[in-house]
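A quick write-up on the structure given underneath.
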Amino acid sequence: MKTRIELSEQELQTLAEMAGFCLVALSMVKNEVDDVHVNAWQLMCQLIFEKADKVPWLAKRMEKFSGLEHPFFTDEYTDSAFFAVVLDQLREILFWDELVARMADQTLLRALGEKKYDKLTDEARQRRTAPLEKALWDEVINHGLEHLSFILPPEEEQ
């Protein structure tokens, strides 16, 4: 059974940008997820881009890249596209989230020592690091890394 969806050209542009977001995200995680799902999503995105490439004003914003089976947005278009803004913001959030989580986890490890740390369950670790993460988030939000410092071993201080 096939389903037909009718879109305006503007809606097709939005859908193509969503597909672009999806393809970039998939390229970042393709080695970490199930190939069957990745292939299905890529084929759907390919179909969307092939449809978008048939709209003359959208086709001007697309080109064929080596290694891709379908057209994709030009670099010039991508630089100002909404999906690129969303990706940049997502990368920023993930970076800071990961940094704060790792710093809190390392602080707990140093405070307890490796033996006690390894005995903690994931839930116990989370309970203990949650207040540290909140404090680090508050610091990062208000000051970035300006007030944070890293203590290096004596052999790395030079």
Side-chain angles (χ1 to χ4, degrees), residues 1-109 121-123 125-150 152 156:
M1 179 175 104
K2 286 198 173 213
T3 301
R4 183 176 170 88
I5 300 174
E6 291 190 29
L7 303 171
S8 70
E9 289 179 356
Q10 192 64 47
E11 290 168 332
L12 182 57
Q13 177 187 10
T14 299
L15 185 59
E17 283 199 22
M18 292 168 69
F21 176 88
C22 180
L23 287 174
V24 173
L26 284 174
S27 73
M28 296 166 67
V29 299
K30 68 181 175 188
N31 295 331
E32 310 300 323
V33 294
D34 183 15
D35 283 345
V36 173
H37 289 99
V38 169
N39 292 336
W41 283 32
Q42 286 176 329
L43 288 172
M44 181 56 64
C45 292
Q46 178 178 342
L47 178 65
I48 293 166
F49 275 103
E50 287 169 354
K51 297 289 184 189
D53 196 39
K54 292 179 180 166
V55 177
W57 65 273
L58 275 173
K60 290 178 186 174
R61 294 165 172 80
M62 300 170 79
E63 64 183 326
K64 191 88 161 156
F65 288 92
S66 65
L68 282 180
E69 302 287 320
H70 55 82
F72 192 77
F73 292 118
T74 62
D75 289 341
E76 181 179 70
Y77 180 82
T78 299
D79 287 345
S80 62
F82 179 68
F83 81 91
V85 173
V86 173
L87 276 169
D88 287 345
Q89 289 301 309
L90 183 58
R91 285 182 186 119
E92 179 91 4
I93 289 166
L94 291 173
F95 168 79
W96 288 108
D97 189 51
E98 183 71 16
L99 178 68
V100 165
R102 286 181 184 227
M103 289 178 73
D105 201 51
Q106 285 298 311
T107 300
L108 181 61
L109 173 63
T121 65
D122 288 340
E123 294 81 24
R125 249 184 232 135
Q126 181 59 37
R127 246 188 341 273
R128 307 254 329 242
T129 59
L132 296 170
E133 286 184 31
K134 184 184 179 329
L136 287 165
W137 264 118
D138 290 344
E139 190 62 33
V140 167
I141 287 169
N142 291 320
H143 304 287
L145 295 177
E146 190 174 312
H147 293 172
L148 299 177
S149 62
F150 299 91
L152 298 174
E156 293 183 27

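Values in this document were obtained by computation on a predicted structure and should not be read as measured data.
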Distance-only check: which donor-acceptor pairs under 3.5 Å involve side-chain atoms of residues 9-21, not counting sequence neighbours?
residue : atom : partner : partner atom : Å
Glu9    : OE1  : Trp57   : NE1          : 2.6
Gln10   : NE2  : Gln13   : OE1          : 2.8
Glu11   : OE1  : Ser8    : N            : 2.7
Glu11   : OE1  : Ser8    : OG           : 3.4
Gln13   : NE2  : Tyr77   : OH           : 2.6
Thr14   : OG1  : Gln10   : O            : 3.2
Glu17   : OE1  : Phe82   : N            : 3.3
Glu17   : OE1  : Phe83   : N            : 3.4
Glu17   : OE2  : Tyr77   : OH           : 2.5

Distance-only check: which donor-acceptor pairs under 3.5 Å involve side-chain atoms of residues 39-53, not counting sequence neighbours?
residue : atom : partner : partner atom : Å
Asn39   : ND2  : Asp35   : O            : 3.2
Gln46   : NE2  : Glu50   : OE2          : 3.1

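By the side-chain hydrogen bond (donor to acceptor under 3.5 Å, both in side chains) test, Glu139 pairs with His147, sequence neighbours left out. Taking Arg102 as the reference, Glu98 meet the side-chain hydrogen bond (donor to acceptor under 3.5 Å, both in side chains) condition, with sequence neighbours excluded. Under the salt bridge (charged side-chain N to carboxylate O under 4.0 Å, His left out) criterion, Asp88 pairs with Arg91, sequence neighbours left out. Under the side-chain hydrogen bond (donor to acceptor under 3.5 Å, both in side chains) criterion, His143 pairs with no residue, sequence neighbours left out. When the salt bridge (charged side-chain N to carboxylate O under 4.0 Å, His left out) test is applied to Asp122, the partners found at least two apart in sequence or on another chain are Arg125. Evaluation of the salt bridge (charged side-chain N to carboxylate O under 4.0 Å, His left out) rule for Glu6 yields Arg4 as partners, not counting sequence neighbours. The side-chain contact (heavy atoms from CB on, under 4.5 Å) test applied to Asp75 returns Phe65, not counting sequence neighbours. Partners of Ser80 according to the side-chain contact (heavy atoms from CB on, under 4.5 Å) rule, which considers only residues two or more places apart in sequence or in another chain, do not exist here. Listed by chain and residue number, Lys134 satisfy the salt bridge (charged side-chain N to carboxylate O under 4.0 Å, His left out) test with Asp138 (two or more places apart in sequence, or in another chain). Here Lys30 pairs with nothing under the side-chain hydrogen bond (donor to acceptor under 3.5 Å, both in side chains) rule; sequence neighbours left out.
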- Item | side chain to side chain donor-acceptor pair (under 3.5 Å) evaluation trace for Trp96 with Glu92 | CA-CA 6 Å; Trp96 288 108; Glu92 179 91 4; 3.0 Å; yes
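Heavy-atom neighbours of Lys64 NZ from other residues, nucleotides or ligands within 6.0 Å: above the threshold of 12. Atom CG of Leu94 has more than 12 heavy atoms from other residues, nucleotides or ligands within 6.0 Å.
You'll find the side chain of Leu90 stays beyond 4.5 Å of the side chain of Met28, heavy atoms only.
Of all non-hydrogen atoms in Leu108 and Leu132, the two that sit nearest each other are N-CD1, 4.4 Å. The two residues Asp34 and His37 have their closest heavy-atom pair at OD2-ND1, 3.0 Å.
Distance check: Glu76 CD to Thr74 OG1 gives 5.5 Å after rounding to the nearest 0.5 Å.
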